[in-house]
Structure formats: C-alpha cells, structure tokens
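The block underneath contains the structure these notes are about, expressed in structure tokens.
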Amino acid sequence: MKPSAFDYERPADLDGLIALTRREDLFVKMLAGGQSLGPMLNLRLVQPDLLVDITAIPELKRVEETADAVILGACVTHADIEDGRVPDATGGALPRVACGIAYRAVRNRGTIGGSLVHADPAADWISCLAAIDAEAMILGPSGRRAIPIDEFMTGVFQVALEPGELVEAVRIPRLSLGARWGFHKISRKTGEMAQAIGAILHDPARDVLRAVIGATESVPIVFSGAAPLFSGSPGSGLAKAFDASAAVRALEDSGITDAVDRQLHLVALKRAIDQAARP
Amino acid sequence: MKRINITVNGKAVSASVEPRMQLADFLRESLNLTGTHLGCEHGVCGACTLLVDGTPIRSCITLAVACEGARVTTVEGLDEDLIAGELRAAFSREHALQCGYCTPGMLISARDTVMRMPDANERDIRVAMSGNLCRCTGYVGIVRAIQSVITERKAKGLSSPPSPRAEFGPAGSGRARPTAVGAVAAAPAAARAARRPGPAGAADRAPEARRVAEPGVGKPQTTLHESFTVDYPRAKVWAFFGRLGDVATCLPGTSLLGTPTDEHVETRIRIKVGPIVSEFDGAADVVRDASSFSGVIRGSAHDARSRSATRGEIQYVLIEDENGAATRVEVDVGFTLTGPLAQFSRSSIVHDIAWRMTDAFARNLRARLNRGNGSARADSTAGASISEINAAPLILSVIWNRIKTFFRSLLGR
C-alpha cells in the first residue's frame, strides 16, 4: 500500500501554481491537506505524474471579514474552524459541523477547499455550505469568478472547475442574529462518511429558507426555496410545519428508491429541522 | 528525490526522500523509529497517529516531503512528557492495552483529548477517541484510563497548555518553504505510457492467452434495472443483440481486445471518475435463448493498475411493444467489485457510477440500433455516442430529463 512514484512541487505563489497546473504533458493533481487524496494515492487509485502542494501559498490561507461575509482561504482546516481560530458568521453552525468531520487527527490537516474540490457526496462541507448558500471563489488562467456551492459539484468526485482553475477561497454569507440552522448526519460509526445528511437554514431577516438532503449517490438535493417542505408558514414552528411529502418526491426524482435509504435521508432532514426549531 | 529538513523528537534531521514516501515510512524505515505503527494505511485505524507541530495527524496519509520545516514528535519523544507519563501509568493500571499495536496512536490521541477537553465525560472521550481502533480491549480500559487522568488533573487544579497552533492550514505546512518551480521535468515518455496505457499502449501489449470469464459468486453487491424501448421489430433487435462486439462497445469507454465470436468477447473498459482512472481488461460469455428472446452475459475483469477486479452478469429480455412495431428492452445488471477500488468506494458511489454507465449503455445501444438499421430518424438525445462517462457532467436530473425527452420523442408526444 504505497503510492506509485510521482514528482512533487510546492509553489510560492498563485502565478507559479497556475503555471504548473496548466502543464498538459503531465497528469497534475493539487494537494492541500491530502486527507482524501492520501488514501487514494496509497491505494493507487490515483497515479499522478506531479503533485502540486498548495499549502505554502499565503493567499490560500487568507481569512477576511466583510460586512456581509467571511472569506476563508481554501487551505483553512476543519480544526481551524472547529477551534474558532477563524471568525464565524454563522452563529456556530460551521464550528459545529467542523467538529463532526472524521477525526481530530484528520481535521488538523484536512481543508475546506480540498473537501469541496474532492466532491465526495458523503462529505460534510458540500451539504452544509450549500444550505448556507456559500460560494466557491475560483481563480484560473482567465481570472477570477465565483460559483454558488449548490452549482459547484456536478457529480461524484466532479466539480465545475475548468482546466487550470482552482478554488482560492470560500465565501460564507453572514447570517442574521435571528437565523436558525440545523445539520444532522447519520453514520454507521462516529467519524465515518455519512449515509445521510440533512441541513436547513432559516434566516427570515434575509428572507432565506434553504434545505439540503445530502450524502445521496450524487450531488446533494438543494431546496433553495424550502417553503414547499412546510405546510403553512414555517415561521409558526419549523418542526411542526414540516411536511415530508415534498422531500419524498425530491428523493424519488433523484433516483433514491430504496425504502431504507429514503427513510434515512428523511430522518436526517427531520432531525436537522428539529434542531433548528429548538429554542 | 527531495531534500527535507525536519525536527524529530527535538533533533534536527536532514534527508533525501522520494516524494511518494509517507511520513510514517520515513520515520520507520529511514530513522528506525518503529514506535509509530502502521495499520490500515488509509487513515481509518489511527495506529500511525503522531504529533506534527504539536497536534495529532495521521502519518500514513501525510507525505514526509510536505512536512518540510515541521516539528515531529513520535511516541518515542514523549518519554519526558508529563501528560503522556500520567497516561502510561493509567493505561497500565486500567488494562488499556493487550497486544500494544494501537497503543502509540492511542497515547497520542489520548494526550490530545486530555489537553483539549478538560471537562470531557465518558461519551466525549469515546467520540474523541473514535478515530483509533483497538482489537483487544473493547475500549473500556482505554476510556477509563483517559477519564482517570482527566479527573486527577482536575482535582489537582492543573490547567492544560495553550493550543500549540496559531497559524492556519494543514498541521506541518506552516513553515514549509516553496520549492523552485520550473524545475519539473516532463515525466519520461515510457513511464507515462506504462502508467496510462491508451489505445496505443494496448497495441504494444504482448498477446495474452484467451481470457476466460469467471463465473459469478453469490449475490451481486450492486444491482440495477433499466428498461427502454426502441421502435424496431423484435427480430431485428434480437439479431443486433447477437452481435456481441457491437453490444459490448455500447458500454462507455469500452474497446475490443481481439475479435469477438458469437459467444465470447474480450474487452477493455476505461472508467474515469474525478482523479480515478481505471482500465478493466476482461472477458464475457453470452448464453442466448431464442425461444424467450432473452440472454445472459457473464463477465469478469481486472484493473492491473489498482489491482481491483469485478465480476458480473447482464440479463436482458426483449418484449414486443406497440403491436410488434417496437421492442422493449429490459436489462438487469448485477456485479461485485473487489480490491482497492471496492475498499475505498462506498456502495452508493459505485451504484451511481454503475447507474451512469448503464444509462449511457442504453443510449449508445439505441443510437447504434438506429445507425445499424439505416434509420434516417433524427434523434438529438441518442445520436451522440458516449465514450466516457465523465464526458459531460451527468447530473441525475439531467439524465431523467433526457430519458423523458427520449420517451416523448419515441411516443411522438
């Protein structure tokens, strides 16, 4: 169980990084914390010619606060978020999700950007950040652009990055003080990949009600306007107003027909909603 | 080879390492520090957990070269550490180890738990230690040992040292110096060809003995059902299904190895999912029953690169539709994957990939049937052959829409 041979570089700046990722004669793979890529390399499922370590680039560890958002560099780790070393604008949602990712030894190296780009359906950030309506800030040969997280993942291990592009940072919108959120994942064992994820954000002051059913077989199911999941006004009490029928339809439309699988996802969503409704 | 300079248990170490060498292997093989144990080697069991820049990491999935400038502490380096000493005594007292294989990783994670969670109860400890597996003790002694150290420290009013990390980013990466970019040579052409055999590489390969499809064993892990209708009489569709090579190459990424017969075909199937590229070489045998218009294709294949293998079965039956003007094709796919790809993948991911392949197979089959029958019918949804399943991002909803459009076009609605 040793990786196949590859070359390794650690560029100092973004220009150097982009120059390397544009190499067409090599299979170039970027490395951040390596907590998903490492096992794939050891199992020789991924056999790159060149690994480009992006952790020496200061811009990718940048943390910035604006009036309406917090911007976290791609190389910020789950533990950085869990420990509150980076600012939180989500009323504790992000640190709570971070502390449930894998194990502490993994969280000390695994990064938010790396997790998004790896695009494992069962990972936490892709579902959590889709519920919060975060954006991937992308840098490439033709400049910068941003993609909402719910459009970023396009399939298992596949994202909407063009050749030579990378995720530079994640922009997390600042939630209102009265915002309510819930995140629940079901795993066979603590720290293992999720079998089902439910996530909800209700931020009436910004007119936001979003829900996510994650850890499906492919991209998470995102309800950007989640009102159909509730009968009557969700303001009267999210948990009481939850109506599972719209969620069941969405699960069936996504090809989740197995009754146990469907029930797991419904329970995860229900528990997330219960959590958001708790005083 | 790359030069690294790191500090191991307080001593400066400078060495040349292969980029692919994981930190655990460097410590064990180059420095003879065998206190760090390797278990699963893919970040699950926790046996290799050690400290980098004062925080626990998995040394089996952390490259040595990525730890340039970092401070590494193994279990050998904790002899004088106060908390580790208390834990060692507690582990002995509480029978928190038997064979000792997991113990170095356990001690590192336990020390981190004691330091970070001074108020932890039993449940907190179990959650915090869930990334370290033990096969002997049933964890009771381990949890009790950690609990007792936390309780003692609390009773003595001992506070934990402050968090050792101030900078952001992966532990160990804080002081890494950039390498000089531009020095990367192109990989030797021969090495690249060996690693990524394309169609050209296939031609170079020495002819092998006839591959034999291995029989399926037991219940398949993954089963899928697909049904689609083509507007040709059943006899024509039946004849097409008799041409095994044509049917096989409808599977995306499939090329033929050698000339197929009516009952036997040898293929290479290239599957690319994100950074994973697999090439399965294998063989399939078909048994057809003309009286029921059904067939069973049994096949097995092997990916030499990842040493993964798969075996499976495709059953099909052709049913007359629209008073004989059309034919409904019912396909049942069942297969089992073994080896590293199976070890890594979870069933849902395999299911999604198989689903996408089956869907692409159905569309390619339909396109080829139309071509093969000289059909002038324009069908934008099934006209293009899909050569690789990642050719376009296949989102399930997109596929469903295509299927709906395809049925609408079929039924003229």
Side-chain angles (χ1 to χ4, degrees), chain A residues 1-3 5-12 16 19-20 25-26 29 32-35 38-40 42-47 49-51 53 55-56 61 63 75-77 80 83 85-86 102-106 108-109 111 119 122 154-158 189-191 193 217-219 253-255, chain B residues 2 18-20 25 41-43 46 49 55-58 60-63 65-66 109 112 127-128 130-131 163 165 167-173 176-179 181 184 186-187 192 195-196 273-276 305-306 340-341 343-344 346 348-349 351-353 355 390 393-397 400:
Chain A
M1 283 261 301
K2 308 297 174 194
F6 49 75
D7 218 332
Y8 170 93
E9 291 299 340
R10 192 169 46 226
L20 280 174
D25 55 331
L26 301 173
K29 184 81 188 106
Q35 298 304 284
M40 284 175 143
N42 282 3
L43 288 160
R44 299 200 176 190
L45 293 174
V46 180
Q47 303 189 12
D49 295 316
L50 171 65
L51 267 196
D53 186 338
T55 60
K61 294 181 181 176
V63 172
C75 286
V76 166
T77 64
D80 291 335
D83 293 351
R85 279 197 291 275
V86 298
Y103 316 106
R104 180 70 181 182
V106 171
N108 280 327
R109 282 190 56 78
T111 65
T154 57
V156 175
F157 301 143
Q158 308 208 25
K189 166 185 172 290
T190 312
M193 283 291 189
E217 287 173 2
S218 186
V219 297
D253 287 349
S254 314
Chain B
K2 296 273 178 193
E18 264 195 83
R20 65 168 163 165
D25 292 315
E41 289 191 77
H42 64 290
T49 309
T55 62
I57 61 115
R58 300 281 207 235
C60 72
I61 51 172
T62 299
L63 295 170
V65 70
S109 291
D112 181 59
V127 171
S130 62
S163 166
R165 290 266 297 162
E167 63 278 292
F168 307 139
S173 71
R177 286 192 316 271
T179 56
V181 169
V184 188
R192 273 209 313 281
R195 246 182 285 168
R196 279 189 286 174
V273 182
I276 302 174
R305 257 192 298 187
S306 72
L341 200 56
Q343 195 178 349
F344 177 78
R346 294 175 308 282
S348 65
I349 289 177
H351 194 267
D352 180 62
I353 295 164
W355 204 93
N390 75 330
L394 295 177
I395 303 168
L396 283 174
S397 63
W400 280 115

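Protein chains get the first letters and strands the later ones, always in sequence-line order, with residue 1 at the start of each. On a predicted model such as this, the values are computed, not experimentally measured, just so you know.
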Contact origin within Thr55(B) toward chain A - heavy atom pairs under 4.5 Å: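 Both the backbone and the side chain of Thr55(B) come within 4.5 Å of chain A.
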Check whether [X] gets within reach of chain B through its side chain, its backbone, both or neither, counting any heavy atom under 4.5 Å.
| X | answer |
| --- | --- |
| Asp80(A) | side chain |
| Thr190(A) | both |
| Ala102(A) | neither |
| Lys61(A) | both |

Under 3.5 Å: donor-acceptor pair, side chain of Asp53(A), backbone of Ala32(A):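 A pair under 3.5 Å: no.
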Heavy-atom side-chain proximity of Pro11(A) to Leu20(A) below 4.5 angstrom: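 Heavy-atom side-chain distance check passes, below 4.5 Å.
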Shortest non-hydrogen separation from Gly43(B) to Ile61(B) and the atoms involved: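 Heavy atoms only, the tightest pair is CA-CD1, 3.9 Å.
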Side chain to side chain contact (heavy atoms under 4.5 Å, CB included) evaluation trace for Gln35(A) with Thr77(A): CA-CA 11 Å; Gln35(A) 298 304 284; Thr77(A) 64; over 6 Å; no
Nearest-0.5 Å distance that lies between atom CZ in Phe157(A) and atom CG in Leu45(A): 9.0 Å
Among the listed options Lys2(B), Glu41(B), Glu167(B), Arg58(B), the residue most often paired with chain A at heavy-atom distances under 4.5 Å: Glu41(B)
Between Arg44(A), Lys189(A), Arg104(A), the one whose heavy-atom pairs under 4.5 Å with chain B are most numerous: Arg104(A)
Contact leader toward chain B among Val106(A), Val86(A), Asp83(A), where contacts are heavy-atom pairs under 4.5 Å: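 When all of Val106(A), Val86(A), Asp83(A) are compared, Val86(A) has the most.
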